[in-house]
Each structure stands twice: as structure tokens, then as C-alpha cells.
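This is a predicted model, so every value here is computed, not measured. Indexing begins at 1, ligand by ligand and atom by atom, following the structure's order.
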Amino acid sequence: MRRRSLLQGLAGAAAGAAALSACAGGDGPRRTDSVRIILGHGAAPGNPRSDGALAFQRLVAEQSGGEVEIQILGQESVGNDTEMMVSVAAGTLDMSINSQGPFSSYVPEAALIGLPFLFESSAHAYAVLDGALQDTIAARAEEVGFHVLNLWDNGMRDISNSVRSIASPEDVAGLKIRTPDDPMTIDIFGELGANPTPLAFGELYLALRQGAVDGQENPVVNIKSSSLQEVQSHLAVTGHKYEVNPFVMSTTRWKNLSEDIRQVIASAAQGAVEEQRRLMTEQTAAIYTEFEQVLEVTHPDRAEFREATAPVAERWQAEHPDFFDQITTAAEAIRAEHEEQPA
Ligand code: TK8
């Protein structure tokens with residue numbers, strides 16, 4: 001009975017889509033082939049990245065009259081972030097809303113988005129990155145097989161751990177901190193005297209629970225959607241770096257799509273990033289309030305941490321002088337507008 005009504009439902013939806021595409025087709029050639037595109041990501045259900053992916057799927061279906069179907073495989077079900085980048089590069093996975101570190105192993109400049117204390121907030125980062133900076137990164141990515149649709153918000157990152165409360169940079173020294181597969185984060189935590197330990201995000205909960213690592217760093221939204229607060233006791237609101245989630249498609253797959261489908265994808269990706277950023281902002285505020293109840297929360301002086309990590313910026317400047325200038329100049333130009341006003 002259930003099965004029958006499900007099948008009837010599917011038949012109804014298919015008929016509706018066919019009718020829509022017949023209308024949309026006008027006198028032009030009728031397209032009968034539907035297109036299926038597979039999108040992989042590593043976020044947990046309820047995470048803004050998961051919900052943003054669902055928004056993208058819905059918008060593509062609406063805007064293509066059902067002709068283009070996005071199939072979402074989330075929660076690292078088709079591999080962790082590093083593996084998904086490899087699959088997209090090889091063309092065996094169509095799209096991924098990935099992470100900055102694994103992306104930067106293909107586009108090294110992207111790691112500089114995570115320079116310590118470059119941004120005051122996510123809003124500051126959007127204002128700096130949307131536009132010329134994104135174009136620079138997208139052009140570099142195109143050369144190595146990735147079409148960048150846009151940059152989602154993976155948020156300002158804070159430090160959690162189960163050993164001690166962090167009030168100043170010295171407190172981080174000696175802690176074993178899990179990092180993503182990201183050279184910038186490894187560099188920052190090395191500079192602070194911690195023991196940075198790269199590990200796939202999907203293995204993090206267990207590693208924290210078993211004490212294989214003492215702590216980790218992530219935006220509170222990711223901490224919450226993967227329940228990491230259950231296995232941590234301290235949260236230091238450092239905002240030590242910002243990350244994007246680059247939304248990438250295999251360049252070969254992108255080029256093989258018709259111009260009208262590419263337009264639908266680009267426009268749906270725009271709607272989806274707006275929704276994802278809105279959810280990030282909304283959830284972040286609520287989660288900070290909630291974490292005050294369940295974790296011991298500190299607000300260390302960011303200036304002290306900025307000073308302690310200054311050699312990191314110098315190293316990256318030496319390695320990528322042009323991109324370093326471009327991103328730091330753009331960030332400085334509007335920093336004042338984004339600094340928190342004293343109450
Ligand atoms: C989830 C991860 C997570 C990232 C990390 O896919 O690895 O710490 O911040 O968002 O990509």
C-alpha cells in the first residue's frame with residue numbers, strides 16, 4: 001500500500017515535470033533527457049551546509065522545470081573532504097561543497113583566506129572575498145580542473161578542548177589539537193606550541209571521546225551539528241581564522257553541460273549560498289548562548305593571539321607575495337567597518 005502510493009507519487013511528479021518542460025520548451029526542440037548531477041559534502045544533517053545543499057537541489061529542480069536533478073550525498077558518505085576533491089578532479093564525482101584545506105592542496109593561495117586574524121567576522125570575509133578575490137581563486141582553480149561556483153561560509157573558528165581553560169596563547173602550548181588537512185591551521189597551531197594533528201572531520205568525535213586528541217578548532221556551528229560539545233569541556237572564543245567552503249564542480253562536467261543548464265546551476269548556487277550564510281548567522285548566535293550553559297567559555301584577548309601568530313603571516317607572505325598583498329590590502333581597507341563597536 002505504502003509502496004503503491006509512493007510509486008503513484010513519483011509518477012505524478014514525473015508527469016508534472018514533463019508538462020513543465022513541455023511548456024518551457026515552446027516551439028523549440030523538446031528535450032527528453034533529464035540530467036542527474038551528484039553533489040557530495042561532509043557536513044552533518046542540520047548543518048547550514050547540509051541545508052544549503054538542499055536549497056540548491058530545490059532551486060535547480062524549480063528553475064529547470066524538473067529537468068536537472070541534484071542527488072546529494074552528504075556526511076562524508078562518498079569520502080572525506082580530501083577524497084571528494086580527488087574525485088571531483090578525476091571527474092568521478094560531479095560537485096562538492098568542500099573545505100578550504102583540501103581545496104588549497106590544488107589552489108595553494110586559498111589557504112591564505114585562513115591567515116590568522118585576517119577577518120573580524122564572517123560578514124567582513126564576505127565583503128572582502130565576493131568579487132575580485134573569488135575571481136582570482138576561481139581562475140586558478142579552473143586551471144586544475146575545478147569550476148568554482150561560489151564560496152560558502154565555514155565560519156570563524158574557535159578552540160575547544162578537554163584539558164584546560166584557555167585564556168592566553170601560552171595555554172594552547174602542549175595541547176594535542178586536531179586540525180583539518182589544512183597547512184595554514186597546522187602552521188598556526190605549531191606556532192602556538194600545540195601538537196597539531198590532522199584528521200578527517202568524520203573521525204573527530206571518536207578521537208575526542210577516546211582522548212586520542214585533546215581538542216580541536218571549528219566554528220561553533222560545526223561543533224554543535226556534530227555534537228562535539230558532548231566530548232569537550234572548554235571553549236575559547238578566539239576567532240583565530242576564517243574558512244570558506246568552496247562549491248566546486250568538475251570543469252569537464254561543467255563544460256559538457258548546455259549553456260541554459262549552466263545558467264540554472266549558477267543561479268541556484270547563488271540562492272543557496274545566500275541561504276547558507278543566513279543560516280550560519282542565525283545559528284551561530286543561538287549556539288554561543290547555548291554553549292555558555294554546557295561548556296566553560298573564555299574570551300581571550302585576540303590581540304595577544306594575533307601577536308603570537310604573526311610569524312605565520314610572514315611565512316605565507318614570503319611564499320605567495322602577490323596574493324598575500326591582494327587579500328590583506330582588501331581586508332584592511334574595510335576592517336574598521338567590521339570591528340565590534342564598544343557597547
Ligand atoms: C566538514 C568539515 C568541517 C571542517 C573541518 O566537512 O574539517 O574541521 O571545518 O567543516 O569540512
Side-chain angles (χ1 to χ4, degrees), residues 39-54 56 72-88 93 95-107 110-111 113-114 116 119 122 125 146 151-161 175-189 194 196-208 212-229 231-232 235-248 272-273 276-277 279-280 283-284 287:
L39 161 60
H41 68 74
N47 184 286
R49 197 182 330 161
S50 274
D51 290 341
L54 291 170
F56 175 70
I72 301 173
L73 298 169
Q75 240 181 331
E76 297 183 30
S77 56
V78 282
N80 62 37
D81 285 326
T82 302
E83 291 161 348
M84 283 190 280
M85 286 304 292
V86 173
S87 301
V88 174
L93 174 65
M95 314 179 103
S96 178
I97 309 163
N98 212 276
S99 285
Q100 190 166 300
F103 178 76
S104 75
S105 58
Y106 290 90
V107 180
I113 296 170
F119 297 118
S122 288
F146 299 98
L151 303 175
W152 293 28
D153 181 11
N154 204 16
M156 297 290 288
R157 301 173 82 88
D158 299 326
I159 309 168
S160 72
N161 82 93
L175 293 177
K176 191 167 183 187
I177 301 286
R178 174 273 174 180
T179 73
D181 180 10
D182 175 58
M184 180 67 72
T185 314
I186 295 168
D187 200 2
I188 294 172
F189 282 83
T197 309
L199 193 70
F201 188 71
E203 291 166 44
L204 180 53
Y205 181 92
L206 208 58
L208 291 170
V213 291
D214 300 319
Q216 65 85 44
E217 53 85 57
N218 249 294
V220 288
V221 165
N222 292 352
I223 294 177
K224 166 77 182 171
S225 64
S226 294
S227 308
L228 305 182
Q229 77 280 5
V231 285
Q232 295 281 268
L235 177 75
V237 182
T238 46
H240 54 277
K241 77 189 282 269
Y242 175 80
E243 282 193 8
V244 294
N245 289 124
F247 187 8
V248 297
V273 73
Q276 191 265 350
R277 287 175 172 183
L279 290 169
M280 276 296 278
Q283 292 187 15
T284 298
I287 294 168

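- If you number the atoms of ligand 1 from 1 as listed, the ones under 4.0 Å from a heavy atom of Arg178 come out as 5 (C), 7 (O), 8 (O).
- In summary, the atoms of ligand 1 found under 4.0 Å from a heavy atom of Pro180, numbered by their order in the structure, are 5 (C), 7 (O), 8 (O).
- Residues forming a side-chain hydrogen bond (donor to acceptor under 3.5 Å, both in side chains) with Asp153 (at least two apart in sequence, or on another chain): Ser122, Tyr126, Tyr242.
- Between atom 4 (C) of ligand 1 and the options Leu204, Ile223, Asn154, the minimum heavy-atom separation is to Asn154.
- From the protein, the heavy atom lying nearest to atom 9 (O) of ligand 1 is Asn218 OD1, 2.7 Å.
- For ligand 1, the atoms sitting less than 4.0 Å from at least one non-hydrogen atom of Arg49 are 1 (C), 2 (C), 3 (C), 6 (O), 10 (O), 11 (O), numbered in the order shown with element in parentheses.
- Looking at Asp187 and Lys241, no side-chain N of the basic residue comes within less than 4.0 Å of a carboxylate O on the acidic one, giving no salt bridge.
- Set against the non-hydrogen atoms of Gly42, the atoms of ligand 1 under 4.0 Å away are 1 (C), 6 (O).
- Every residue was checked against the salt bridge (charged side-chain N to carboxylate O under 4.0 Å, His left out) condition with Asp214, not counting sequence neighbours, and none meets it.
- Counting the atoms of ligand 1 from 1 in the order shown, those under 4.0 Å from a heavy atom of Asp81 are 1 (C), 2 (C), 6 (O), 11 (O).
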Taking it one step at a time, do Phe189 and Ile159 satisfy side-chain contact (heavy atoms from CB on, under 4.5 Å)? CA-CA 11 Å; Phe189 282 83; Ile159 309 168; 3.8 Å; yes
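- In the vicinity of Arg157, heavy-atom distances shorter than 4.0 Å reach the ligand 1 atoms 5 (C), 8 (O), 9 (O).
- Of all the atoms in ligand 1, the ones that sit under 4.0 Å from a non-hydrogen atom of Asn222 are 3 (C), 9 (O), 10 (O).
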